Chemist: 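Handing you this structure, nothing more for now.
So you know, we letter chains A, B, ... as the sequences are listed, proteins then strands, and number each from 1. Everything numeric in this text was worked out from a predicted model, so none of it was measured.
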Amino acid sequence: MNIFRVSADILHLLSILVLLLKIHATKSCAGISLKTQELYLAVFVTRYLDLFWNFHSLYNSVFKVVYIATSSMIIWYMKRHRGVKQTYDKDHDTFRYLFLIVPCAVLALIVNGRFSLFEILWTFSIYLEAVAILPQLVLLQRTKNVDNLTGNYVFLLGLYRAFYILNWIYRYATEPHYSAWIVWLSGLVQTGLYLDFFYYYLQAWKQSKKLQLPS
Amino acid sequence: AAGEEVKDEL
């Protein structure tokens, strides 16, 4: 375990908490894509299936449970909470999940480490995580005006990915047999998707004004 | 074994 990896996990958790607190405090989920949240829950559930039989460390197990619980809470708020669900931007959040789920499932069946149910679900979760932010980015693009907390959420998620890349570089340099092409390539794609958003986020931050995406 | 190392990440 290195400092990059720990920072990444904490940033990931922070991003989810920022979103959860925003929803809880403002009783509004305006600007948040339910599709992306549901895809993330699917990512966590398919990746952390081994929670029940593969114990690696308390650190890992606690994070797994917390990720599943907090993203379930976000979805619960958006779908079930009486006040919050009325603020959900259903008309703009129209991205089809099947466009992401089907290609990821097919790719996981073809390109995987070993042909077993657990391995294929795990690989599927790696591919799906790479693209799960797309409905959220499309929603931000459509609504243009991004409120601070939603902007911070996407920014923290991007930082989390960037720190995972640093972690891989560090591990590759220090651990003799460390190699994971599927994870690295997916991680690079995922981080790449944030770059455009990062550019506008940092510009808005430098000029200390509200984040506005171009048409 | 290579795959197992990766699964220690979240």
Side-chain angles (χ1 to χ4, degrees), chain A residues 1-2 4-6 8-13 43-44 47-51 53-57 59-68 112-116 118-123 125-126 129 160-161 163-165 167-168 170-172 174-184 186-187, chain B:
Chain A
M1 196 89 94
N2 56 67
F4 306 115
R5 158 76 196 280
V6 177
D9 292 334
I10 290 171
L11 283 164
H12 193 188
L13 183 58
V43 165
F44 292 143
R47 186 173 314 164
Y48 301 153
L49 274 178
D50 67 342
L51 191 56
W53 66 86
N54 267 344
F55 182 80
H56 180 267
S57 64
Y59 175 95
N60 272 18
S61 297
V62 169
F63 264 105
K64 288 175 180 182
V65 172
V66 169
Y67 287 154
I68 292 175
N112 54 58
R114 189 157 45 97
F115 204 81
S116 71
F118 170 64
E119 190 69 25
I120 287 167
L121 282 173
W122 180 85
T123 313
S125 83
I126 296 289
E129 189 187 359
Y160 140 63
R161 292 318 307 180
F163 271 93
Y164 251 99
I165 292 179
N167 158 61
W168 296 329
Y170 180 85
R171 290 190 70 176
Y172 186 72
T174 55
E175 293 175 33
H177 301 294
Y178 182 72
S179 165
W181 285 107
I182 289 176
V183 177
W184 293 345
S186 309
Chain B
E4 289 310 308
E5 285 176 9
V6 180
K7 288 181 187 53
D8 63 17
E9 291 177 352
L10 289 168

Chemist: Is it the side chain or the backbone of A:Asn60 that comes within 4.5 Å of chain B heavy atoms, both, or neither?
Modeler: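 Backbone plus side chain of A:Asn60, per the 4.5 Å heavy-atom cut-off to chain B.
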
Chemist: Are any non-hydrogen side-chain atoms of A:Tyr164 and B:Leu10 less than 4.5 angstrom apart?
Modeler: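 Contact flag for A:Tyr164/B:Leu10 side chains = yes.
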
Chemist: State whether the number of non-hydrogen atoms from other residues, nucleotides or ligands found under 6.0 Å of A:Tyr170 atom OH is greater than 12.
Modeler: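 No, because the 6.0 Å sphere around OH of A:Tyr170 holds 12 heavy atoms or fewer from other groups.
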
Chemist: Is the number of heavy atoms from other residues, nucleotides or ligands within 6.0 Å of OH (A:Tyr172) greater than 12?
Modeler: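 Count not over threshold, so no.
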
Chemist: Taking NZ, NE, NH1 and NH2 as the nitrogens, is one of them in B:Lys7 or A:Glu119 under 4.0 Å from a carboxylate oxygen of the other?
Modeler: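 Here B:Lys7 pairs with A:Glu119 in a salt bridge, since their nearest N and O are under 4.0 Å apart.
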
Chemist: Name the region of A:Asn167, side chain, backbone, both or neither, that has any atom closer than 4.5 Å to a heavy atom of chain B.
Modeler: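 Contact with chain B: side chain only.
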
Chemist: Given a strict heavy-atom distance threshold of 4.5 Å, which part of A:Phe44 is in contact with chain B: side chain, backbone, both, or neither?
Modeler: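 Interface part for A:Phe44: neither.
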
